[in-house]
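Everything below concerns the one structure shown next.
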Number of protein chains: 2
Amino acid sequence: MLVDAIAQLSFLVQNSLAEIAGDYDLSLIQTRLLGVLRDREPTMNELGRHLGLDKSSTTGLVSRAQGRGLVARTVSEVDRRVVRVSITDVGRDLVKQVGERFTERIGELVADLPDTERQEFSRLAGRVVLADMHRHGLDPGGAAG
Amino acid sequence: MLVDAIAQLSFLVQNSLAEIAGDYDLSLIQTRLLGVLRDREPTMNELGRHLGLDKSSTTGLVSRAQGRGLVARTVSEVDRRVVRVSITDVGRDLVKQVGERFTERIGELVADLPDTERQEFSRLAGRVVLADMHRHGLDPGGAAG
DNA sequence: TATTGTTATACTCTATAACTATA
DNA sequence: TATAGTTATAGAGTATAACAATA
């Protein structure tokens with residue numbers, strides 16, 4: 001059945017990512033945090049919106065990552081209330097490794113599909129995601145892949 | 001890209017489920033717990049294996065659900081060390097509602113695909129899941145759909 | 001002794017409410 | 001006053017280690 005297949009696939013993918021991240025002592029949310037920061041230097045406010053978290057949750061998340069040397073805080077010069085969050089070299093290296101292994105794992109998952117079907121699957125998945133983004137307010141979002 | 005599409009789709013599905021479950025004050029793991037119990041009455045041990053949790057985590061999870069009247073514990077008559085976990089009528093009703101709304105939501109997600117492509121997508125997703133189960137030690141597993 | 005499950009403890013993750021600093 | 005972020009607090013979820021009861 002369609003729902004079962006898609007639901008189970010999503011659990012499969014999420015569990016794979018969680019497992020790989022766990023090898024680097026990263027939770028899913030910490031991994032998403034680093035993923036978002038790869039190509040952005042958002043304010044705490046923006047970061048919280050990206051991750052769908054309350055500002056207090058964002059504070060804690062960032063603080064724990066900062067404690068491990070994965071991210072850094074910088075007070076804005078123009079508005080001293082604002083804090084920008086950036087990824088450190090250590091954090092960047094870590095999320096790179098997780099991303100590479102995640103890519104490998106997804107490759108293994110679809111390894112049994114013939115090339116044509118694999119491409120078709122990718123195309124359809126992309127289309128579903130795209131349709132949903134259009135349905136809401138856009139923004140590609142930044143997971144870990 | 002394939003990895004991105006599949007990863008984003010999995011986040012989309014998981015977020016949808018989490019959101020729906022949240023409307024009933026259920027976390028993802030509580031929802032999975034109830035989903036597993038729909039057609040099983042496992043021991044704590046078996047339950048923990050199903051959910052991929054340590055036995056102490058399973059104890060806590062079940063205790064919180066029991067506190068809400070969603071599941072029940074029964075000490076085995078044959079081996080008094082063993083505890084079996086079952087779903088209550090309240091729990092069954094709750095997971096039924098979540099399941100129905102989840103099914104609807106998935107339907108919405110793939111609504112833009114023409115029938116042929118939707119079927120193809122379902123078939124491919126099912127095939128990936130199946131291949132993974134074969135790769136490991138089988139067992140359909142019980143999400144919420 | 002071995003197994004099943006619980007308890008004690010510690011940490012992450014999350015939200016709400018109160019607070020501080022800046023605008 | 002309003003906004004950005006932090007702190008205090010509380011609870012869910014998780015694991016490790018120690019424990020109790022039963023086999």
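We name chains A, B, ... by the order of the sequence lines, and we start the count at 1 in each one.
- A donor-acceptor pair is defined here as one N or O able to donate and one able to accept, closer than 3.5 Å; such a pair exists between the side chain of B:Thr88 and the backbone of B:Gly69.
- Looking only at distances, a side-chain donor or acceptor of B:Ser16 sits under 3.5 Å from a matching main-chain atom of B:Leu12.
- Ion pair B:Arg135/B:Asp132 flagged as a salt bridge, since at least one NZ, NE, NH1 or NH2 atom sits closer than 4.0 Å to an Asp/Glu carboxylate oxygen.
- In terms of the side-chain contact (heavy atoms from CB on, under 4.5 Å) criterion, residue partners of B:Arg68 (sequence neighbours excluded) are, by chain and number, B:Asp25, B:Leu26, B:Leu70, B:Leu94.
- Among the protein residues, B:Arg73 comes within range of the sugar-phosphate backbone only, with heavy atoms under 4.0 Å from sugar or phosphate atoms but none that close to a base.
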Going 5' to 3' through nucleotides 13-23 of chain D and flagging B where a protein heavy-atom sits under 4.0 Å of the base, S where only the sugar-phosphate is that close, and - otherwise, we get BSBBB---BBS

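- Of all nucleotides in DNA chain C having an atom under 4.0 Å from a heavy atom of chain A, the first and last in 5' to 3' order are C:dT12 to C:dA23.
- Separating the CG atom of A:Leu47 from the P atom of D:dA4 is a distance of 14 Å, rounded to the nearest angstrom.
- Using a cutoff of 4.0 Å between basic side-chain nitrogens and carboxylate oxygens, B:Glu19 and B:Arg105 are scored as salt-bridged.
- Here the side chain of B:Glu46 pairs a donor or acceptor atom with the backbone of B:Thr43 at under 3.5 angstrom.
- Across all strands shown, B:Thr43 has heavy atoms under 4.0 Å from sugar-phosphate atoms exclusively, and none from any base.
- Checked for salt-bridge contact, A:Arg118 and A:Asp115 meet the test: a charged N lies under 4.0 Å from a carboxylate O.
- Between B:Glu104 and B:Arg101 there is no salt bridge, since no side-chain N of the basic residue sits under 4.0 Å from a carboxylate O of the acidic one.
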